[in-house]
Participant: 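Next up is a structure, given as structure tokens.
Only this structure's heavy atoms are used, side chains among them; waters, hydrogens and symmetry mates stay out. Heads up: numbering here begins at 1 and tracks the sequence.
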Amino acid sequence: GRREFKIRFGEKFAIFAKNSTMEKGDKVRVSPDITHLDEWVEGIVIELENNRFNGLVVTAKTASGAVYFGPANFFEPIK
């Protein structure tokens with residue numbers, strides 16, 4: 001649940017997920033929790049879905065063509 005998420009990842013991500021204003025085409029950084037890589041990677045949001053079980057689900061594509069998706073908590077907008 002939410003409480004475990006906050007403990008594991010901190011307030012910043014939990015708050016971001018609730019107040020997300022992401023749109024298709026936005027640049028984001030994708031968490032290693034999803035990519036299984038050593039560091040965050042950059043991508044472009046290609047799809048957003050409000051899922052009644054998982055909340056906002058983001059799909060992002062990297063420059064190399066890899067596609068990652070998951071709860072918004074694992075995506076950080078690039079200003």
Participant: Please report the interatomic distance OG(Ser31) to NE2(His36), rounded to the nearest 0.5 Å.
Facilitator: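 With rounding to 0.5 Å, OG (Ser31) is 9.5 Å from NE2 (His36).
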Participant: Heavy-atom distance under 4.5 Å between the side chains of Phe75 and Val45, does that happen here?
Facilitator: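 When only atoms from C-beta onward are counted, Val45 and Phe75 do not touch, as no gap falls below 4.5 Å.
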Participant: Before you tell me yes or no, could you show the steps for Thr62 and Glu42 under side-chain contact (heavy atoms from CB on, under 4.5 Å), namely the whole-Å CA-CA distance, both residues' side-chain angles and the distance that decides it to 0.1 Å?
Facilitator: CA-CA 6 Å; Thr62 66; Glu42 290 188 13; over 6 Å; no
Participant: Decide whether Phe69 and Trp40 are clustered together by the hydrophobic rule: side chain heavy atoms of Ile, Leu, Val, Met, Phe, Trp, Tyr closer than 4.5 Å, transitively.
Facilitator: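 Looking at the clustering, Trp40 is in a separate group from Phe69.
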Participant: For the hydrophobic clusters of this structure (ILVMFWY residues joined by side-chain heavy atoms under 4.5 Å, transitively), does one cluster hold both Ile34 and Met22?
Facilitator: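 In one cluster: yes.
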Participant: Hey, does Ile78 have a side-chain heavy atom less than 4.5 Å from the side chain of Arg29?
Facilitator: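 Answer yes - side chains close enough.
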Participant: Same cluster for Val57 and Val28 if Ile/Leu/Val/Met/Phe/Trp/Tyr side chains link at under 4.5 Å?
Facilitator: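 Result: no, two separate clusters.
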Participant: Please identify each residue that fulfils side-chain contact (heavy atoms from CB on, under 4.5 Å) with Lys24, with sequence neighbours left out.
Facilitator: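 Not a single residue meets the side-chain contact (heavy atoms from CB on, under 4.5 Å) criterion with Lys24.
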Participant: Please identify each residue that fulfils side-chain contact (heavy atoms from CB on, under 4.5 Å) with Asp38, with sequence neighbours left out.
Facilitator: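 Not a single residue meets the side-chain contact (heavy atoms from CB on, under 4.5 Å) criterion with Asp38.
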Participant: For Leu56 and Glu49, run side-chain contact (heavy atoms from CB on, under 4.5 Å): C-alpha distance rounded to whole Å, both residues' side-chain angles, the deciding distance at 0.1 Å, then the answer.
Facilitator: CA-CA 6 Å; Leu56 181 64; Glu49 175 200 351; over 6 Å; no
Participant: Show your reasoning for whether side-chain contact (heavy atoms from CB on, under 4.5 Å) applies to Lys27 and Ile44.
Facilitator: CA-CA 5 Å; Lys27 287 186 178 180; Ile44 303 283; 3.6 Å; yes
Participant: Just to verify, what does Leu37 make a side-chain contact (heavy atoms from CB on, under 4.5 Å) with, not counting sequence neighbours?
Facilitator: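 Applying side-chain contact (heavy atoms from CB on, under 4.5 Å) to Leu37 gives Thr35, Val41, Tyr68.
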Participant: Could you identify which residues cluster with Val67, counting Ile, Leu, Val, Met, Phe, Trp and Tyr as linked when any side-chain heavy atoms lie under 4.5 Å apart, either directly or through a chain of such contacts?
Facilitator: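 Cluster partners of Val67: Ile46.
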Participant: Partners of Glu47 by side-chain contact (heavy atoms from CB on, under 4.5 Å), sequence neighbours excluded?
Facilitator: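 Listed in chain order: Thr59.
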